[in-house]
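To start, the structure under review is shown below, and the notes come after it.
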Amino acid sequence: MSKKYIDIMDTTFRDGFQSVFGGRVLMNDFFPAVEAAKEAGLTHFEFGGGARFQSLFFYLQENAFEMMDRFRSIVGPEANLQTLSRGINTVMLDTGSREMIDLHAKLFAKHGTTTIRNFDALNDVNNLEFSAQCIKKYGLKHEVVVTLMDLPPGCVGAHDVPFYEKTLRNILDSGLPFDSVCFKDASGTSSPQKVYDTIKMARRLLGDSVHIRLHTHETAGVSVACYLAALEAGVDGIDLAASPVSGGTSQPDILTMLHAVKGKDYDLGGLEIDKILKYEEVLNDCLKDYFMPPEATQVSPLIPFSPMPGGALTANTQMMRDNGTLDKFPEVIKAMREVVERGGYGTSVTPVSQFYWQQAYANVMFGPWKQIAPGYGRMVLGYFGKTPVEADPEIIKLASEKLKLEPTTQNPLDFADADPIKSIACWTERLQKEGLEVSDENIFIAAACDEKGIAFLKGESQLNVRKNSDCDDIKCEKTNKSEENKGMSNATGNYTVIVDGQKFNVTVAEGGADIKVTPVQETTATESAPAQTQSVTGGIEIPASVNGNVWKILVKEGDKVVEDQTIIILEAMKMEIDIKAPKDGVVKAIKTAPNDAVEEGQVLAIIG
């Protein structure tokens with residue numbers, strides 16, 4: 001009897017990079033490994049979409065569409081190249097308008113995509129219908145998703161087999177077109193028994209002809225057991241990654257799974273151990289200079305109490321490194337349980353995982369429920385669709401008050417279509433104003449990435465890649481734009497370096513030039529206390545409430561302001577944080593500029 005063929009999708013170059021490096025891997029550095037993967041016999045790759053779309057523009061000075069084109073040219077026309085899309089959010093963190101969702105499918109088809117895996121974090125099938133139609137409209141394969149996780153211990157009401165059966169039946173009843181079904185557990189918290197029962201249920205509903213896949217992460221340490229359970233239940237495909245971006249927060253390693261099925265009646269993609277060993281050797285060489293976050297290689301038994309997706313965990317810890325708040329990580333993870341429970345049990349996968357994280361972060365930094373993260377608040381109010389269960393009424397009321405929004409049951413797409421900022425016309429006009437080429441690609445880049453997209457298109461984005469050659473606990477962040485995608489270890493320029501939690505400013509030059517190292521002045525706990533203002537001659541100093549970046553300055557010197565008026569918006573952990581005027585007055589001075597990195601307690605403005 002021949003073994004059952006199991007399709008293997010290699011997630012190395014999308015979810016693997018996202019789960020380990022926060023998506024920050026330069027294309028010229030990893031393309032040799034793509035060639036090696038092809039030579040090893042892999043034909044199904046996750047190569048873009050998800051957070052690996054925005055990260056190229058935000059951090060790498062690279063165009064995601066160019067990367068996709070070059071990837072396709074390496075693997076050839078027959079490979080199944082797959083991307084990840086968040087339903088009505090596509091590759092954005094906010095709801096897209098209908099014309100932007102259509103443009104997403106059109107462009108991804110144009111730039112080499114074969115299949116789009118399409119999910120909604122709330123498992124609200126209404127959020128999948130229009131995007132499914134667009135995906136099929138442009139000749140792509142549509143892989144519809146049911147998102148999985150385990151609830152924190154003691155929580156009930158969703159994320160059990162009956163809940164997933166109800167979701168799958170809603171997909172079938174809706175009539176939306178699909179080519180395959182994926183059960184996606186971004187946090188890796190589902191138990192093997194639940195996975196087995198869920199796949200068995202799906203096979204009964206879908207019959208033998210529908211391709212069923214499982215996607216999970218090793219974050220909680222049960223991924224191999226879950227894949228074995230799924231195989232026994234009749235799954236047709238699983239997702240694996242290659243070392244060094246496998247295990248830990250990522251997918252199980254290809255070699256690990258080949259070992260796990262020895263003696264069983266499964267053929268994992270026709271893959272051969274010797275060829276995979278060679279591929280992983282090349283990949284390890286490609287990535288040898290990249291800083292490997294220690295949390296990316298670890299299995300955490302605490303993740304089921306959060307739950308925090310592998311693909312978001314390292315992205316968030318990397319941002320905490322940027323902001324100098326990594327010491328708060330255990331507190332934020334602990335705070336997530338209450339945030340998940342009171343937020344309606346949306347699946348912890350982007351963008352909802354980011355909403356959970358932002359709210360937990362706010363609860364730690366500012367005090368429990370003193371602030372409502374905008375994404376989290378809009379989610380519990382219904383602006384992203386219907387949560388699996390109703391959110392806590394107290395949190396709904398608080399979100400409504402803080403965000404000045406009423407709860408809604410209206411279709412999120414209708415809100416998006418009514419928002420002029422989410423229109424093609426708006427971004428066409430903006431590109432023209434900036435003197436930039438108006439193309440479908442540029443319109444979508446600007447709409448998906450906002451000001452950071454415009455900065456990229458103008459050649460003003462910053463390179464932020466973490467590479468090091470001889471140290472484990474140092475973050476090197478390049479502040480001058482690189483002309484080539486070179487390693488950080490031999491680059492000249494200005495750097496901020498963190499060693500054992502202490503910051504230094506470093507100027508590095510070639511040859512025998514002096515190297516200048518200056519300690520960065522740290523504020524005391526009293527100086528950096530959030531929301532404190534200090535009266536000074538001529539006015540009141542307005543400090544940054546957290547470490548972050550200046551996103552928008554809404555006033556100018558000489559403007560009159562009123563108490564509680566938002567004057568500056570910071571960005572921290574992908575969250576907008578309003579800086580408000582403490583009293584009526586006149587803006588005497590603005591002490592920062594857009595895109596500036598600021599420290600907690602740093603003076604941003606003076607009001608007199």
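- Residues G48 and R14 share a closest heavy-atom pair of O-CG, 3.3 Å.
- Annotation: the span from N118 atom CG to L128 atom CG amounts to 5.5 Å, rounded to 0.5 Å.
- Between the CE atom of M336 and the OG atom of S187 there is a distance of 9.0 Å, given to the nearest 0.5 Å.
- With a 4.5 Å cut-off on side-chain heavy atoms, L287 and N284 do not count as touching.
- In summary, R342 and E394 engage in a salt bridge, as defined by a charged side-chain N under 4.0 Å from a carboxylate O.
- Checked against a 6.0 Å centroid threshold, the rings of F65 and H111 count as neighbours.
- Residues I8 and G269 come closest through the heavy atom pair CG1-N, 3.9 Å.
- Taking the ring centroids of F71 and F45, they lie under the 6.0 Å cut-off.
- Considering every non-hydrogen atom in both H142 and A132, the closest pair reads CE1-CB, 3.3 Å.
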Report the C-alpha separation of Q358 and N363 in whole Å, then their side-chain angles, then the decisive distance to 0.1 Å, and conclude whether the side-chain contact (heavy atoms from CB on, under 4.5 Å) test is met. CA-CA 9 Å; Q358 290 166 349; N363 285 358; over 6 Å; no
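- Between R52 and D15 there is no salt bridge, since no side-chain nitrogen of the basic residue lies less than 4.0 Å from a carboxylate oxygen of the acidic one.
- Counting heavy atoms from C-beta on, the side chains of T95 and F415 never come closer than 4.5 Å.
- D285 places a side-chain heavy atom less than 4.5 Å from the side chain of K288.
- Ring to ring, F444 and F53 are close: their centroids are under 6.0 angstrom apart.
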side-chain contact (heavy atoms from CB on, under 4.5 Å) between D124 and N127, worked out: CA-CA 6 Å; D124 185 342; N127 287 345; 3.8 Å; yes
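- You'll find the ring centres of F183 and Y164 outside the 6.0 Å limit.
- Residues D179 and K136 are paired through a salt bridge, judged by an N-O separation under 4.0 Å between the basic side chain and the carboxylate.
- D185 contributes a side-chain N or O that, together with a main-chain N or O of T189, makes up a donor-acceptor pair within less than 3.5 Å.
- Residues D10 and Y279 have side chains that bring a donor and an acceptor to within less than 3.5 angstrom of each other.
- Ring to ring, Y5 and Y266 are not that close: their centroids are 6.0 angstrom or more apart.
- F163 and H159 have tilted rings, their planes meeting at an angle from 30° to 60° on a 0 to 90° scale.
- Residues V145 and D120 have side chains not in contact (no heavy-atom distance under 4.5 Å, counting atoms from C-beta outward).
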I would like to know whether R203 and D236 meet salt bridge (charged side-chain N to carboxylate O under 4.0 Å, His left out); could you show each step before the answer? CA-CA 10 Å; R203 185 57 75 198; D236 300 303; 2.7 Å; yes
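- Ring centers of F21 and F291: at least 6.0 Å apart, outside the cut-off.
- Across every non-hydrogen atom of S348 and A186, the tightest pair is O-CB, 4.0 Å.
- Looking at H104 and M100, their side chains never come closer than 4.5 Å, going by heavy atoms from C-beta outward.
- Salt-bridge check for K194 with D197: failed, with every basic side-chain N at 4.0 Å or more from each acidic carboxylate O.
- A donor atom on one side chain and an acceptor atom on the other are found under 3.5 Å apart for H211 and R213.
- Put simply, the residue from E46, H44, K141 that forms a side chain to side chain donor-acceptor pair (under 3.5 Å) with Q82 is H44.
- Between L255 and E280 there is a side-chain heavy-atom pair separated by less than 4.5 Å.
- Salt-bridge annotation for R117 and D239: present, with a side-chain N of the basic residue lying under 4.0 Å from a carboxylate O of the acidic one.
- F13 and F17 have perpendicular rings, their planes meeting at more than 60° on a 0 to 90° scale where under 30° would count as parallel.
- To the nearest 0.5 angstrom, D7 atom CG is 9.5 Å from I238 atom CD1.
- The shortest distance between side-chain heavy atoms of L205 and E165 falls below 4.5 Å.
- Taking CE from M92 and OG from S85, the interatomic distance works out to 8.5 Å, rounded to the nearest 0.5 Å.
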